[in-house]
Trainee: 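Here it is, the structure, as structure tokens.
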Amino acid sequence: MESTHVISIMNVEENVAHMKEKKTFQFPLPPIFTSYFRDKQMKSNLDTRKIIHSIKVGISLVLVSLLYLLNPLFEQVGENAMWAIMTVIVMFEFSAGATLGKGFNRGIGTIFGGGLGCLAAVFARSIGGVGNSIIIGTSLFIFGSVATYFRLVPRIKKRYDYGAMIFILTFNLVVVSGVRADDSVWEIARERLLNIVMGFIVCICVSLFVFPLWASDELHDSTVSRFLDLANTIQGCLEECTKFVSEKENQPRASFIVCKSVLNSKSKDELLANFAKWEPWHGKFGFSYPWEKYLQIGEVLRELAALILAVGRYLQSSKQSMASLRHSKWVHLEPCEAIGSRVAWTLRELGDCMKQMRKCEAEANISAKLKAAREELSLVISTSKIAELENGEVLTIASFVLLLMEVVDKVEELAKELEELGDIAGFSIHVTPVSS
């Protein structure tokens, strides 16, 4: 006796009618307009930060130039005050973390380069004659080659490349100038190091205490904004399915510029995370904050953006094939809009949790929405009647459903990553009630 597998399918018309009854009478702006206004606001904020940074650099240059302008200070530092000015120019960066990281690298490179350079210069002076030139040339070759090799090591290059470069520069300057100078090489090194420390102090004080700009805030806010942007994009993308069904050809197309922007965000995220690691405890971020987890979340967001872009391109390239299914009794594209709404709601909820730094209880809230989205996918095609469709129609709808399933799975992975971030970073526990 053959076994029969029965697949229960919900009544499509009742389900769609039930969803329409729950909709409130609203006039939401299309995603492309909400994204436009948010981009304008972010651009305005960025312009303000640029002005603040420029003013801070000007203040630092004025303060460090007092070493030249004021006679009592000039008598103490002399012509070496130029090193303090050079330090401010090359060290002051846009964010506090970048300035601290560059200052630390410059300090370490100057100390080690200057110290070893002094030892090499003193040793060369003590030998004199031809041996002097041999010692200088040999030391330059050895230390320059070794430091350059370490600059090529990825782990060192990522955080200490500038320090290695300063080491090479300082070592060469001290060794070469120490051989020809009449004064003590130790005195030259001491005066230059003192001026560099003065420039470093000016940079750090102005960067941290005058309207500080934090790389950590920028990384946090940019990651949160990607949740919202991708939510608007996937919702607008799946609303095009409704256009195919209702034959509304004049509806605006979903914009995929956001997806391309997210796909190109990796280098920026890595740079901001590197700067954020140098920053002290401030605001909502403490020491040893899990910035690596932000990079993992950013990677999942990029994978999600690629899937959404694939869904959008597939809809555009298969427009005629999808339109031919609008009158089929075995295929129902109406639930696509509901699927987009559920996935978009999940992304907005995750973004809001990350913005407010509170834990999302995935089992009680997020998972329920994603489960409902999977149930909506079962309404797109009646699997028990798939044999009634032509081969081309089967391929079209199967590929579309598969892509949507990948999107839902990726959003679920994103929810787990955010839940892990909440555990590591100690987010506050807050259970959001499940919305209809």
Trainee: Does any part of the side chain of Arg159, heavy atoms only, come nearer than 4.5 Å to the side chain of Trp278, both counted from C-beta?
Mentor: yes
Trainee: Strictly by modelled atom types, are Gln235 and Arg348 linked by a side-chain donor-acceptor pair under 3.5 Å?
Mentor: yes
Trainee: Under a 4.0 Å N-O cut-off, is there an ion pair linking Lys410 with Glu417?
Mentor: no
Trainee: For a 4.5 angstrom cut-off between non-hydrogen side-chain atoms, does Ile297 reach Met354?
Mentor: yes
Trainee: Do NZ/NE/NH1/NH2 and the carboxylate oxygens of Glu270 and Lys158 come within less than 4.0 Å?
Mentor: no
Trainee: Got Ile55 and Val210 here, is their nearest side-chain heavy-atom distance under 4.5 Å?
Mentor: no
Trainee: Validate the cation-pi geometry between Lys359 and Phe427: distance from NZ or CZ to the six-membered ring centre under 6.0 Å, angle to the ring axis within 45°.
Mentor: no
Trainee: Whether Lys416 and Glu419 form a salt bridge (side-chain N of Lys/Arg under 4.0 Å from carboxylate O of Asp/Glu) is what I want to check.
Mentor: no
Trainee: Are Trp291 and Ser216 packed together at the side-chain level, in the sense that at least one heavy-atom pair is separated by less than 4.5 angstrom?
Mentor: yes
Trainee: Do Leu309 and Leu263 have side-chain heavy atoms sitting under 4.5 Å apart?
Mentor: yes
Trainee: Regarding Thr99 and Glu93, is there a side-chain donor-to-acceptor distance under 3.5 Å anywhere?
Mentor: no
Trainee: Can you confirm if the aromatic rings of His220 and Phe285 lie within a centre distance of less than 6.0 Å?
Mentor: yes
Trainee: Thinking salt bridges, do Asp221 and Arg226 make one under a 4.0 Å N-O criterion?
Mentor: no
Trainee: Would you say Lys268 has more than 12 foreign heavy atoms packed within less than 6.0 Å of its NZ?
Mentor: no
Trainee: In terms of heavy-atom contacts, does NZ of Lys277 have more than 12 from other residues, nucleotides or ligands at under 6.0 Å?
Mentor: yes
Trainee: Kindly assign one of parallel, tilted or perpendicular to the pair Tyr294 and Tyr289, based on the angle between their ring planes and the thresholds 30° and 60°.
Mentor: tilted
Trainee: My understanding is that only one of Val197, Asn195, Leu194 makes a side chain to side chain contact (heavy atoms under 4.5 Å, CB included) with Trp83; could you say which?
Mentor: Asn195
Trainee: Is there a donor-acceptor pair closer than 3.5 Å between any side-chain N or O of Thr170 and the backbone N or O of Phe167?
Mentor: no
Trainee: Under 4.5 Å between any side-chain heavy atoms of Leu301 and Leu230, yes or no?
Mentor: yes
Trainee: Test Gln296 against every option in Glu299, Glu292, Lys293 by the side-chain hydrogen bond (donor to acceptor under 3.5 Å, both in side chains) rule and name the one that passes.
Mentor: Lys293
Trainee: Let me confirm one number: the OG-CG distance from Ser126 to Asn132, rounded to the nearest 0.5 Å.
Mentor: 8.5 Å
Trainee: Just wondering, do Thr346 and Leu414 contact through their side chains at under 4.5 Å, heavy atoms?
Mentor: no
Trainee: If you measure from the Lys or Arg side-chain nitrogens to the Asp or Glu carboxylate oxygens, is any gap between Asp352 and Arg358 under 4.0 Å?
Mentor: yes
